[in-house]
Amino acid sequence: MSTRNILWFDEINRDDVAIVGGKSSSLGELTSHVKVPVPYGFATTVHAYRHFMDASGVNDKVNLLLAKLDDIENTDLLHEIGTQIRATIMQAPMPADLAQDFSAAYQQLAQRVGQTDPFVAIRSSATSEDLPDASFAGQQDTYLNIKGTDDVIAKIKECYASLFTDRAIYYRAKQAFPQEKVALSAAVQMMIPAVASGIMFTLNVADGNTSQIMIDGIWGLGEYNVQGIVTPDDWLVDKQHMQIVSRTIATQDVMLTRKPDGGVVEQKVAPDKANQAVLTDEQVLQLAEYGKKIEQHYGCCVDTEWALDNHNKLWMVQARPETVWSKQHSQNDDGVKTMETTQKVLLRGLPASPGVATGIVHVIDDPQNIDEFKQGEILVTTMTSPDWVPAMEKAAGIITDSGGMTCHAAIVSREMQIPCLVGTKSLGASAMATLKTGQEITLDAKNGVVYAGNVTVAQSHTTNQPLLITLNTLHQQLPKL
C-alpha cells in the first residue's frame with residue numbers, strides 16, 4: 001500500500017495517516033468499519049505526492065525557499081515565500097504515470113457509480129492534520145463540484161500547492177511541526193447534492209459536556225458554516241436519552257450551492273426557508289445516532305461533518321477525533337475563571353472558546369491588515385478564516401460578528417485556548433460597530449458577555465463592600481441585547 005499512488009476508501013483505515021493523511025484515513029475508517037453512509041471515493045497517496053515533488057524537481061526548490069524564512073512572524077516575508085512555493089508547484093508538470101493513475105481512478109469511480117464524468121469533492125488530506133492532539137483546522141484547501149479528468153488532476157495539484165499557503169506554513173511552524181515532514185493526499189469523493197450541511201460534535205463544545213451532542217446546520221454547502229459567513233441552526237441532544245434538549249434556529253439569508261456545469265455559487269435563501277430549520281427533529285436524532293456510533297467506534301468524542309442530499313438522505317462526509325476538550329478533560333482543569341461584577345455590558349456573543357481576557361480592542365476587517373495587530377490585543381472582526389491565524393496566535397481574545405460554535409474562529413480558538421465569542425450579530429449587536437480600536441474591554445467567553453473596561457481593576461476598587469451579584473445571576477437579570 002505504501003508504494004501505490006491510489007487507494008480506495010474501503011482499502012484504508014484510520015491507522016493509515018502516514019499513507020493518505022488524516023482526512024482520507026478517516027473517510028476510509030468510516031467506509032470500512034463504521035458502516036455509516038459515506039460518499040464513495042479514492043485517495044491519492046503520500047507516495048504519489050512525494051513522487052510528484054521529486055520527479056518534478058519541486059522538492060529541492062521548496063526546501064531552498066523555506067530556508068529563507070528566518071522569521072515566521074514577518075508576514076511580508078511569509079507571504080513572499082508562500083507565493084513563490086505555490087507558483088513553483090503549479091508550474092511543474094504532473095508526471096505522466098501519476099496523471100495516468102489519477103485519470104484511471106476517476107474513470108473507475110464513474111463506472112462504480114454509473115455516471116459519466118461524475119461531480120466530485122476534492123479534499124486536501126495532510127499527514128499533519130486531524131491528529132489526536134492537533135486538528136490543524138482548515139489549513140489546506142477543498143474544491144467542490146469538480147467534473148472531468150483534466151479538472152480533477154488540476155485540483156489535485158492545487159491541493160498539493162495549498163500545503164504551502166501562508167497560513168499553513170505559519171501554523172505548522174507555531175505547532176513545531178517540521179515543514180519537511182509534512183505530505184499530502186487528496187481525497188476524491190462523490191459530490192453530494194447537498195440541500196443542507198453542517199458539523200456535529202459528540203460533546204457540547206461550549207462547556208465540554210460529554211453527555212450532549214451538538215449539531216450545527218446551514219442551507220446549502222458546508223463551507224459557509226466553517227467560514228463563518230452564515231450563523232447556523234444549532235441543536236443539543238441528550239446522548240443518553242436521545243432527546244433534543246435545546247434548539248436555536250438562525251436567520252440564514254445566503255447559501256453556497258452547486259453550479260450545474262461545475263463549481264459553486266452564492267445564492268439567496270428563499271424567503272420561506274430563511275427562518276426555517278434546516279433539519280427536522282427526526283433528522284437531528286438520526287444524525288445523533290450516527291455520531292454515537294462513530295464515537296463508540298473511535299473510543300473518543302469526535303468532530304464530524306454531514307450533508308443532507310436532495311432525496312433527504314443524510315451522509316457523513318468527515319470524522320476526526322475531537323482535540324480541545326479531550327485534552328482539557330485529561331488535564332482536569334478548564335482554566336476558566338469566575339468573575340463578579342456590575343460593570344456595563346457592551347454586547348453578547350456565542351461562547352465559542354471559554355476563558356476570560358482583558359485587553360485593548362483592535363478592529364480589523366481585512367486579513368491584509370493583520371500585520372498591524374499587536375501581541376495581547378483583542379481581535380474584533382466580521383469573521384476569520386485560516387488566513388487570520390498569525391493574528392489569532394497573538395490575540396488575548398477574539399470576537400466576531402458572524403459564525404457559530406463550529407466556525408473556523410471557534411475551532412481554532414478552542415485549539416489555541418484563546419477566549420472567543422462569535423456571532424454577536426445573531427444576538428442583536430455588531431461587535432464591529434459597537435467596539436472601537438483602542439478601547440479597553442473584558443471578554444467573558446465562558447458566559448458570552450463583553451464588559452466595558454478592566455473588570456479586574458473595577459473589582460479591586462470596591463473591596464469596601466461585598467459583591468453580591470455573580471456573573472451567572474447577572475446574565476439572568478440582564479435583558480438580551
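On a predicted model such as this, the values are computed, not experimentally measured, just so you know.
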For this session: Could you give me the CA-CA distance, side-chain angles and deciding distance for Ile294 and Glu29, then say whether side chain to side chain contact (heavy atoms under 4.5 Å, CB included) is met?
Result: CA-CA 10 Å; Ile294 297 169; Glu29 187 75 15; over 6 Å; no
side-chain hydrogen bond (donor to acceptor under 3.5 Å, both in side chains) against [X], all qualifying residues, sequence neighbours excluded:
X: Tyr298; result: none
X: Asn275; result: Thr251
X: Asp97; result: His51

Could you measure the distance from the [atom1] atom of [X] to the [atom2] atom of [Y]? Nearest 0.5 Å is fine.
X: Thr280; Y: Leu308; atom1: OG1; atom2: CG; value: 8.5 Å
X: Met405; Y: Ile215; atom1: CE; atom2: CD1; value: 14.5 Å
X: Met94; Y: Lys157; atom1: CE; atom2: NZ; value: 6.0 Å
X: Thr400; Y: Leu379; atom1: OG1; atom2: CG; value: 9.0 Å
X: Cys407; Y: Leu350; atom1: SG; atom2: CG; value: 9.0 Å

Exercise. Are any of the side-chain nitrogens in Lys68 or Glu80 under 4.0 Å away from the carboxylate oxygens of its partner?
Worked result: no
Problem set entry | Salt bridge flag under 4.0 Å for residues Asp303 and Arg320 | yes
Only counting residues at least two apart or in another chain, list the ones meeting side chain to side chain contact (heavy atoms under 4.5 Å, CB included) with [X].
X: Leu285; answer: Val237, Ile244
X: Lys425; answer: Asp401, Ser430
X: Asn63; answer: Asn59
X: Gln296; answer: Lys292

Exercise. Is there any salt bridge (charged side-chain N to carboxylate O under 4.0 Å, His left out) pair reaching into residues 256-273, and which pairs are they, with sequence neighbours excluded?
Worked result: none
Problem set entry | Where at least one partner belongs to residues 214-243, residue pairs that pass salt bridge (charged side-chain N to carboxylate O under 4.0 Å, His left out), sequence neighbours excluded | Lys239-Glu295
Residue pair [X] / [Y], side-chain heavy-atom distance below 4.5 Å:
X: Tyr49; Y: Leu163; value: yes
X: Gln189; Y: Val38; value: yes
X: Val412; Y: Trp388; value: no
X: Pro232; Y: Asn225; value: yes
X: Pro39; Y: Phe9; value: no
X: Thr165; Y: Ile169; value: no
X: Asp117; Y: Gln107; value: yes
X: Leu78; Y: Leu69; value: yes

Problem set entry | Shortest non-hydrogen contact between Ile213 and Ala288, atoms and distance | CD1-O, 3.6 Å
For this session: Taking all non-hydrogen atoms of both residues into account, name the closest pair between Ser24 and Ala186 and its distance.
Result: OG-C, 4.3 Å
For this session: Under the salt bridge (Lys or Arg N to Asp or Glu O under 4.0 Å) rule, what do Glu158 and Arg86 come out as? Steps first, then yes or no, please.
Result: CA-CA 8 Å; Glu158 288 187 47; Arg86 295 190 298 276; over 6 Å; no
Return the set of residues passing ring-ring contact (aromatic ring centres under 6.0 Å, His included) with [X] (not counting sequence neighbours), or none when no residue passes.
X: Phe373; result: His362
X: Phe52; result: Tyr160
X: Trp8; result: Tyr40, Phe42

Exercise. Is NZ or CZ of Arg414 both nearer than 6.0 Å to the six-membered ring centre of Phe201 and within 45° of the ring axis?
Worked result: yes
For this session: Please step through side chain to side chain contact (heavy atoms under 4.5 Å, CB included) for the pair Trp306 and Leu279, ending with a clear verdict.
Result: CA-CA 12 Å; Trp306 58 267; Leu279 293 173; 3.6 Å; yes
Problem set entry | CA sep, side-chain torsions, deciding dist, call: Glu73, Tyr170, side chain to side chain contact (heavy atoms under 4.5 Å, CB included) | CA-CA 8 Å; Glu73 302 295 345; Tyr170 180 90; 3.3 Å; yes
Exercise. Where do Arg123 and Asp141 land on the salt bridge (Lys or Arg N to Asp or Glu O under 4.0 Å) test, with the steps shown first?
Worked result: CA-CA 7 Å; Arg123 306 177 186 276; Asp141 290 340; over 6 Å; no
Problem set entry | Whether Ser185 side chain and Ser125 backbone form a donor-acceptor pair below 3.5 Å | no
How about [X] and [Y]: does a side-chain donor come under 3.5 Å of a side-chain acceptor?
X: Asn204; Y: Asn209; result: no
X: Ser402; Y: Thr382; result: no
X: Glu322; Y: Thr202; result: no
X: His408; Y: Thr384; result: yes

For this session: Before giving the answer on salt bridge (Lys or Arg N to Asp or Glu O under 4.0 Å), spell out for Lys23 and Glu305 the whole-Å C-alpha distance, their side-chain angles and the decisive distance to 0.1 Å.
Result: CA-CA 11 Å; Lys23 192 173 277 87; Glu305 298 174 23; over 6 Å; no
Exercise. Checking side chain to side chain contact (heavy atoms under 4.5 Å, CB included) for the pair Ile398/Ile418: CA distance, chi angles, key distance, verdict?
Worked result: CA-CA 7 Å; Ile398 297 169; Ile418 300 169; 4.2 Å; yes
Exercise. For Lys394, does the NZ atom sit with more than 12 other heavy atoms under 6.0 Å from it, leaving out its own atoms?
Worked result: yes
